[in-house]
Amino acid sequence: MIIILKNNAPKQEIEKLIEGIEALGNITANTIIGEHSSIIGLVGDTSRINEDDIAASDVVEAVKRVQEPYKMANRKFHPDDTVVQVGDTSIGGTGLTMIAGPCSVESEEQIVAVAEAVKKSGATMLRGGAFKPRTSPYSFQGLHDTGIQLLLEAKKITGLPIVTEIMSIAHIDLFADVDVIQVGARNMQNFELLKELGHCDKPILLKRGLANTLEELLMSAEYIMAGGNQNVILCERGIRTFETATRNTLDLSAVPMLKRLTHLPIIIDPSHACGIAWMVEPMARGAVAVGADGLIIEVHNNPQKALCDGKQSITPAAFDSLMQNLRPMAQLMGRTL
């Protein structure tokens, strides 16, 4: 349930209203002061609340029932867009965030070379997999803690904040110096992991599962936010359909729909979505056109010899060209890049 407050409602009267509601039991009231309006979001068993009684209060403008099961991620509770701050980089707002780097960290020489190249082209964050979930147990699984140390070395050299994927609660201590923790598509509904990440103070990049609905994605975000961590970034990385020409099907319609449903920032991963290097740029342009807050791009200095996902990785030169081509489009969309 959402209670929309009148402008300039006295603080004492608002507190009195909240006390009366919470006295009913099993209800938590969250007051959100927005730029244009203020609301109280009620989480819990609101079935015993009489809407007419609440609406009769002098400080209440309107009362609305919320049908969606997610509350904290719901735009109705939080009308203003959330901007997640990572160092000097803002994800959301008017900027277009560019995250780039290899699918997996392979060596110090490789990750540093790619980091320096993508930073020169305009990327503001570095991605790289230290732990790699692979369909085959015989495929390269990542360098694990060594991979994280190499990412940190690249950060020291370039100053780029790092984004890398976590696969298990048991590894969480290894991520103490990681700037953004990524939850991959296969772990989107690893609820114990999500609850643990809700207690940490780091931004979480949450990827949509390859067979999950937008509501399920938002419910997974809700797990993190309910634990106290409000810094969640959503990522659309393609879903599994009957189409076999591409690795997945990039659901660009998810961006405007999520913009209506939630206040959380949304980025697009065109590399995993299609799995084909030459498709990255057109899909990236499409993502900007529909209002995405950023892109996460796989870049490798030698894709043909990459240990993971070389087919979908673009070269540093191709990334530089992509950045140049995206700038005028971003400007048209009111974004800075």
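For the numbers below, each heavy atom of this structure counts, side chains included, while hydrogens, waters and symmetry mates do not. This is a predicted model, so every value here is computed, not measured.
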Without swapping roles, check the side chain of N212 against the backbone of L217 for a donor-acceptor pair under 3.5 Å.
no
Lys/Arg N to Asp/Glu carboxylate O, K16 vs D58, below 4.0 Å:
no
Indicate whether the side chain of Q110 and that of N301 have a donor and an acceptor atom separated by less than 3.5 Å.
no
Close side-chain approach of H300 and P303, heavy atoms under 4.5 Å:
yes
For the student: nearest non-hydrogen atoms of A115 and L160, plus distance
O-CD1, 3.7 Å
Tell me whether the count of non-hydrogen atoms from other residues, nucleotides or ligands lying under 6.0 Å of CG in N26 goes above 12.
no
Can you check whether I266's main-chain N or O pairs, donor with acceptor, with E236's side chain at less than 3.5 Å?
no
Could you measure the distance from the SG atom of C235 to the CD1 atom of I296? Nearest 0.5 Å is fine.
6.0 Å
Okay, side chain of E22, backbone of E19: is any donor-acceptor separation there less than 3.5 Å?
no
Nearest 0.5 Å, please: how far is CD1 in I268 from CG in L295?
7.5 Å
When you group the ILVMFWY residues by side-chain heavy-atom contacts below 4.5 Å and let the links chain together, are I21 and I18 in the same group?
yes
Starting from the C-alpha separation in whole Å, work towards a yes-or-no answer on salt bridge (charged side-chain N to carboxylate O under 4.0 Å, His left out) for D320 and K120.
CA-CA 8 Å; D320 187 68; K120 184 178 179 180; over 6 Å; no
I'd like to know if the side chain of Q230 and the backbone of M225 have a donor-acceptor N/O pair within less than 3.5 Å.
yes
Please report the interatomic distance OG(S168) to CG(L193), rounded to the nearest 0.5 Å.
7.5 Å
Neighbour count >12 (heavy atoms, 6.0 Å) for atom CD, E243
yes
Would you check if the side chain of N248 reaches a backbone N or O of H272 as a donor-acceptor pair within less than 3.5 Å?
yes
Walk me through it: do F77 and Y70 pass the test side-chain contact (heavy atoms from CB on, under 4.5 Å)?
CA-CA 10 Å; F77 279 77; Y70 50 91; over 6 Å; no
Strictly below 4.0 Å, N to O, side chains only: are D177 and K155 in salt-bridge contact?
no
Can you measure from CE (M167) to CD1 (I172) and round to the nearest 0.5 angstrom?
14.5 Å
Nearest heavy-atom neighbours spanning P10 and V59
CD-CG1, 3.9 Å
Close side-chain approach of H78 to M72, heavy-atom, < 4.5 Å:
no
Counting distance only, does the side-chain N/O of K202 pair as donor-acceptor with the main-chain N or O of V178 below 3.5 Å?
yes
Heavy atoms only: give me the nearest A292-V255 pair and the separation to one decimal.
N-CG1, 3.7 Å
Spatial distance of atom CG (L96) from atom CD1 (I91) [nearest 0.5 Å]
11.0 Å
Let me see the working for V60 and I4 under side-chain contact (heavy atoms from CB on, under 4.5 Å), right down to the final yes or no.
CA-CA 6 Å; V60 174; I4 303 173; over 6 Å; no
Do the ring planes of H144 and H171 sit parallel (below 30°), tilted (30 to 60°) or perpendicular (above 60°)?
tilted
Under 3.5 Å, side chain of Q182 to main-chain N/O of I166, donor-acceptor pair present?
no
Do side-chain atoms of K6 reach the backbone of E61 as a donor and acceptor pair under 3.5 angstrom?
no
Is the closest side-chain heavy-atom distance between I40 and L17 below 4.5 Å?
yes
Does L214 reach the side chain of M257, with side-chain heavy atoms less than 4.5 Å apart?
yes
After noting the C-alpha distance and the side-chain angles of L205 and I267, does the key distance pass the side-chain contact (heavy atoms from CB on, under 4.5 Å) rule?
CA-CA 9 Å; L205 193 158; I267 66 172; 3.5 Å; yes
Can you spot which of R127, R237, K207, R208 makes a side-chain hydrogen bond (donor to acceptor under 3.5 Å, both in side chains) with D269?
K207
Nearest heavy-atom approach of R75 to D80 is NH1-C, 4.3 Å
Give a yes or no on whether V114 and I148 share a hydrophobic cluster (residues Ile, Leu, Val, Met, Phe, Trp, Tyr; joining criterion: side-chain heavy atoms under 4.5 Å apart).
yes
Contact check, side chains of T28 and N30, non-hydrogen atoms, under 4.5 Å
yes
Test your reading of the model: is there a side-chain donor-acceptor pair from T262 to the backbone of L258, 3.5 Å cut-off?
no
Can L326 and M98 be said to form a side-chain contact (heavy atoms from CB on, under 4.5 Å), step by step?
CA-CA 11 Å; L326 282 183; M98 296 298 295; 4.1 Å; yes
Closest approach of G95 and T336, non-hydrogen atoms and distance?
CA-OG1, 3.5 Å
Reference residue L197; test side chain to side chain contact (heavy atoms under 4.5 Å, CB included); the match among N229, V232, I181, L206:
I181
Linking I/L/V/M/F/W/Y whenever any side-chain heavy atoms sit under 4.5 Å apart, do V163 and V83 land together?
no
Given side chains that start at C-beta, do those of T315 and V299 come closer than 4.5 Å, heavy atoms only?
no
Heavy-atom side-chain contact between C200 and F175 under 4.5 Å
no
Shortest non-hydrogen contact between S104 and C308, atoms and distance:
OG-CB, 3.5 Å
Quick one: do V84 and L194 end up in the same hydrophobic cluster if we chain Ile, Leu, Val, Met, Phe, Trp and Tyr together by side-chain heavy atoms under 4.5 Å apart?
no
Set out, in order, the CA-CA distance, both residues' side-chain angles and the distance that settles salt bridge (charged side-chain N to carboxylate O under 4.0 Å, His left out) for E281 and R285, then state yes or no.
CA-CA 6 Å; E281 180 166 332; R285 292 199 302 266; 3.0 Å; yes
Check the pair E116 / K119 against salt bridge (charged side-chain N to carboxylate O under 4.0 Å, His left out), numbers first and verdict last.
CA-CA 5 Å; E116 290 178 330; K119 180 182 180 180; over 6 Å; no
Looking at CD1 of I224 and CD1 of I233, how far apart are the two atoms once the value is rounded to the nearest 0.5 Å?
10.0 Å
Under a 4.0 Å threshold between the charged nitrogen and the carboxylate oxygen, would D309 count as salt-bridged to R247?
yes
Is there a donor-acceptor contact under 3.5 Å from the side chain of S271 to the main chain of E298?
yes
Consider only side-chain heavy atoms of I, L, V, M, F, W and Y, link residues closer than 4.5 Å, and tell whether V43 and I27 are in one cluster.
no
State, with a plain yes or no, whether a side-chain heavy atom of T97 is found less than 4.5 Å away from one of T124.
yes
Side chains of D145 and Q149, donor plus acceptor under 3.5 Å
no
Is it true that Q85 and S90 share a donor-acceptor pair across their side chains at a distance under 3.5 Å?
yes
